[in-house]
Amino acid sequence: QVQLVESGGGLVQPGGSLRLSCAASGSIFSINAMGWYRQAPGEHIGNQRELVAVVTSGGSTNYGDSVKGRFAISRDNAQNTIFLQMNSLRPEDTAVYYCHADVRERNSDRDGNIYYTARDYWGQGTQVTVSS
C-alpha cells in the first residue's frame, strides 16, 4: 500500500500565492508520473478531474492550459515528494486539489518471490480557495 499526504491548501486573495506539497510513502519501488488534478465546487463527483500539472521521474512536465505560466511543479525523487507553486491565483482556481501518483510497488509472496505491480494512487485532497 502507498499513502499520499497533501499539505499547503488554504484561503488566499486573488493575485496571491500558495505552495502545495504531496509526499508518497509505503511499498514504493519507483514512481513514474506524479501530479495534481483538481475538482471545482459544484462539479459532480463522477466528473473527470481537471489536469493541473504532472511531472515524470525524468523531470518532464505538462500543465493544464488554464494554469500555464502561473503554476510550477517540481519534484524531489529522493523524497518521493512533489510541490506545486501557484502564483497569480484567480477565483476560478478555487477547487479541491488532488495528488496523484503512478506507482510501481515491490511485493513478495508467501514463498518469498518478488513481484512488481503498477497502480494509481490518489491523495485525500486539499482545499484551495481564492477569494477576497
Side-chain angles (χ1 to χ4, degrees):
Q1 282 291 324
V2 173
Q3 296 77 41
L4 301 181
V5 178
E6 303 137 328
S7 61
L11 173 65
V12 64
Q13 292 187 342
S17 298
L18 280 176
R19 181 177 166 91
L20 304 183
S21 300
C22 174
S25 63
S27 57
I28 299 168
F29 177 74
S30 64
I31 302 178
N32 183 16
M34 286 186 79
W36 295 94
Y37 293 75
R38 68 187 183 186
Q39 192 153 34
E43 284 192 0
H44 191 279
I45 194 67
N47 288 357
Q48 188 173 1
R49 292 168 179 170
E50 177 190 5
L51 168 68
V52 178
V54 173
V55 58
T56 69
S57 58
S60 298
T61 59
N62 188 32
Y63 293 91
D65 288 341
S66 62
V67 307
K68 285 179 181 176
R70 300 187 298 124
F71 292 9
I73 190 169
S74 59
R75 177 168 174 168
D76 182 339
N77 287 329
Q79 299 295 324
N80 291 324
T81 300
I82 59 171
F83 307 92
L84 184 68
Q85 180 64 41
M86 304 186 293
N87 299 325
S88 302
L89 282 160
R90 306 167 179 167
E92 53 264 38
D93 294 317
T94 295
V96 178
Y97 284 68
Y98 296 91
C99 179
H100 170 266
D102 176 11
V103 178
R104 191 172 184 213
E105 295 176 86
R106 185 178 185 272
N107 307 282
S108 62
D109 62 20
R110 288 181 296 179
D111 296 324
N113 299 309
I114 302 299
Y115 64 97
Y116 299 89
T117 55
R119 184 174 170 184
D120 289 332
Y121 284 92
W122 291 91
Q124 294 286 339
T126 185
Q127 177 70 48
V128 171
T129 302
V130 185
S131 174
S132 55

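Please read these numbers as outputs of a predicted model, since none were measured by experiment.
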Quiz item: Same hydrophobic cluster for Val96 and Leu4, using side-chain heavy-atom links shorter than 4.5 Å among ILVMFWY?
Solution: no
Quiz prompt | Shortest non-hydrogen contact between Pro14 and Ser131, atoms and distance | solution = CD-C, 3.6 Å
Quiz item: If you round to the nearest 0.5 Å, how far is CD1 of Ile28 from CZ of Arg104?
Solution: 13.5 Å
Exercise. Calculate, to the nearest 0.5 Å, the distance between atoms CG and CD belonging to Leu11 and Gln127 respectively.
Key: 9.5 Å
Practice problem: Write down the atom of Ile31, the atom of Ala24, and the distance for their closest heavy-atom approach. | Solution: CD1-CB, 3.9 Å
Exercise. For residues Met86 and Val130, determine if any side-chain heavy atom of one lies less than 4.5 Å from a side-chain heavy atom of the other.
Key: no
Exercise. Could you pull out the closest heavy-atom pair between Asn87 and Ser17, with the gap in Å?
Key: OD1-OG, 2.9 Å
Quiz prompt | Considering all heavy atoms, the nearest Glu105-Ser27 contact | solution = OE1-OG, 2.9 Å
Exercise. Before giving the answer on side chain to side chain contact (heavy atoms under 4.5 Å, CB included), spell out for Asp93 and Arg70 the whole-Å C-alpha distance, their side-chain angles and the decisive distance to 0.1 Å.
Key: CA-CA 11 Å; Asp93 294 317; Arg70 300 187 298 124; 2.7 Å; yes
Quiz item: Do side-chain atoms of Asp111 reach the backbone of Asn113 as a donor and acceptor pair under 3.5 angstrom?
Solution: no
Quiz prompt | Val54 with Tyr98, same ILVMFWY side-chain cluster at under 4.5 Å | solution = yes
Quiz prompt | Close side-chain approach of Asp76 and Phe83, heavy atoms under 4.5 Å | solution = yes
Quiz item: Below 4.5 Å, heavy atoms only, C-beta onward: do Ile73 and Tyr63 meet side chain to side chain?
Solution: yes
Self-check item: Single-linkage hydrophobic cluster, 4.5 Å side-chain cutoff, Leu89 and Leu84 together
Solution: yes
Practice problem: Tell me, with the steps shown, if Ser108 and Tyr115 meet side chain to side chain contact (heavy atoms under 4.5 Å, CB included). | Solution: CA-CA 6 Å; Ser108 62; Tyr115 64 97; 5.6 Å; no
Practice problem: Using the six-membered ring wherever Trp is involved, compare the ring planes of His100 and Tyr37 and label them parallel, tilted or perpendicular (cut-offs 30° and 60°). | Solution: perpendicular
Exercise. Treat each ILVMFWY residue as a node, draw an edge where side-chain heavy atoms are under 4.5 Å apart, and state whether Phe71 and Val12 are in one component.
Key: yes
Quiz prompt | Working for side chain to side chain contact (heavy atoms under 4.5 Å, CB included), residues Trp36 and Ile82 | solution = CA-CA 9 Å; Trp36 295 94; Ile82 59 171; 3.4 Å; yes
Quiz item: Counting only N and O atoms by type, is there a donor-acceptor contact under 3.5 Å from the side chain of Glu6 to the main-chain atoms of Gln124?
Solution: yes
Practice problem: Nearest 0.5 Å please: distance from the CG atom of Asn107 over to the OG1 atom of Thr117. | Solution: 4.0 Å
Practice problem: Look up atom OG in Ser57 and atom CG in Asn77, then write down how far apart they are to the nearest 0.5 Å. | Solution: 6.0 Å
Self-check item: Side chains of Arg38 and Ser66 in contact at under 4.5 Å (non-hydrogen atoms)
Solution: yes
Self-check item: Met34 vs Cys22 side-chain heavy atoms within contact, under 4.5 Å
Solution: yes
